[in-house]
Amino acid sequence: MSIFTGAGVAIITPMNEDGTINFEEFGKIIEDQIAGHTDAIIVCGTTGEASTMDDEEHIAAIKYCVEKVAGRIPVIAGTGSKCTREAVNLSKKAEEVGADALLCVTPYYNKATQAGLYEYYKAVSDAVNIPIIMYNVPSRTGTNILPETAVKIAKEVKNVVAIKEASGNISQVAKLAALADGCIDIYSGNDDQVLPLLSLGGKGVISVWSNIAPQQVHDMVQSFFDGDIEKATKLQLDAISLIDALFCEVNPIPVKAAMSMLGYAAGPVRAPLTEMTDANKAVLRKAMEAYGIL
């Protein structure tokens, strides 16, 4: 059984002006996501700025999200790390505070071999009893989970049941789907490639775009599964300019700016990220206006 099917939001972490987590606003955003029919919440991922959090606030954010969601939809906690020991520690703590599943990015900077990736995911899996989604995003980590490796892990490592594929390489995803033959759930990690990935048997998307348009992203994926490919395609293509604007600077800089434009107290991004330039804010605002959400 899949952890979720549909559109999961890679949710932002709103910050106060002093850089601490704004839990009150976080609660409002979670409630609005659920009202917008988001199918799962992915907390403390890249979009949630987890790499700038210490362990205590990382787990505090996961715990708060779990308690706020209160079982209404799955909560998937980001717990990957450049260090296997750290990933194991975070994963165990996330399970303890009630996360339904884990999203574990490949080790970054270290550039693990394929054998190293296998051992990394095995170590995390051996430490927990909840499902794990591998996260393949070579542009950020410098490491690519090859299709053969992903399938080997899925078949041999307990708890590893899915992969978030953000390589941007549709040919690689097609090869993965062919080799897997259903042994692993595939989620899109790229908002502009959701429909192509669904057509290859994907289960949905872990989406940045969903932060500002949860209903639309949910409807796109659901329309595809309902067999209304024309509607799903239109929803995907209508959003391309907006999606481009959401990635005109490194994520999550634009999406936090977009959330602020929508009236949320998203707050600043944490260093070493910087605030969005005025020129790119104008591009983003124009795209949001054209899309009809501003």
Side-chain angles (χ1 to χ4, degrees), residues 3-17 20-50 53 57-58 60-78 97-101 103 187-189 191 194 204-223 235-236 238-239 242-243 245-247 251-270 276 281 284-285 287-294:
I3 298 169
F4 77 96
T5 300
V9 62
I11 201 164
I12 69 161
T13 305
M15 304 289 183
N16 295 304
E17 289 305 316
T20 58
I21 298 173
N22 184 340
F23 284 103
E24 182 178 358
E25 193 67 10
F26 196 22
K28 294 178 184 177
I29 293 169
I30 290 167
E31 290 296 339
D32 284 352
Q33 284 293 318
I34 293 173
H37 298 103
T38 284
D39 297 293
I41 292 180
I42 295 79
V43 59
C44 289
T46 304
T47 311
E49 300 177 82
M53 296 180 184
E57 59 184 353
H58 191 140
I62 295 168
K63 184 174 187 290
Y64 179 87
C65 187
V66 168
E67 292 175 351
K68 190 69 175 176
V69 171
R72 288 174 286 176
I73 56 176
V75 173
I76 301 163
V97 300
D100 296 294
L103 177 68
Y187 297 101
S188 176
D191 281 319
V194 182
V205 60
I206 296 176
S207 171
V208 176
W209 168 28
S210 280
N211 278 279
I212 61 172
Q215 188 68 60
Q216 292 92 326
V217 185
H218 166 85
D219 288 351
M220 177 186 65
V221 179
Q222 190 60 53
S223 295
L235 286 166
Q236 174 79 91
D238 284 351
L242 175 62
I243 293 166
L246 285 172
F247 292 92
N251 180 46
I253 293 171
V255 72
K256 290 194 86 171
M259 291 289 278
S260 295
M261 291 178 195
L262 291 175
Y264 292 100
V269 290
R270 284 184 171 180
M276 198 173 192
K281 278 184 181 178
L284 177 59
R285 181 178 293 277
M288 292 171 68
E289 289 171 346
Y291 190 67
I293 59 173
L294 192 62

Distance (rounded to the nearest 0.5 Å) between [X] [atom1] and [Y] [atom2]:
X	Y	atom1	atom2	answer
Y187	T5	OH	OG1	5.5 Å
I29	I12	CD1	CD1	4.0 Å
L242	M288	CG	CE	7.0 Å
I73	I41	CD1	CD1	4.0 Å
F4	T38	CZ	OG1	10.0 Å
E25	I30	CD	CD1	11.0 Å

Taking every non-hydrogen atom, the tightest pair across [X] and [Y]:
X	Y	value
A257	L284	CB-CD2, 4.1 Å
I62	C44	CG1-SG, 3.9 Å
S207	D191	OG-OD1, 2.7 Å
E17	G267	OE2-CA, 4.4 Å
R270	T20	NH2-CA, 4.2 Å
S260	A266	OG-CB, 3.5 Å

Is any side-chain heavy atom of [X] closer than 4.5 Å to a side-chain heavy atom of [Y]?
X	Y	value
V75	K68	no
I11	T47	no
P214	V9	no
Q216	D238	no
N16	E24	no
V194	V217	no

### Task
Using the side chain to side chain donor-acceptor pair (under 3.5 Å) rule, pick out the option among Q33, H218, Q222 that qualifies with D39.
H218
### Query
P14 pairs by side chain to side chain contact (heavy atoms under 4.5 Å, CB included) with which of F26, Y264, F23?
F26
### Message
Between T13 (side chain only) and G48 (backbone N and O only), is there a donor and an acceptor less than 3.5 Å apart?
### Response
yes
### Message
I'd like to know whether I212 forms a side chain to side chain contact (heavy atoms under 4.5 Å, CB included) with Y291, so could you lay out the CA-CA distance, the side-chain angles of the two residues, the decisive distance to 0.1 Å, and finally the verdict.
### Response
CA-CA 11 Å; I212 61 172; Y291 190 67; over 6 Å; no
### SB check K28 E31 (cutoff 4.0 Å)
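Looking at E31 together with K28, the answer is no, because their closest N to O distance does not fall below 4.0 Å.
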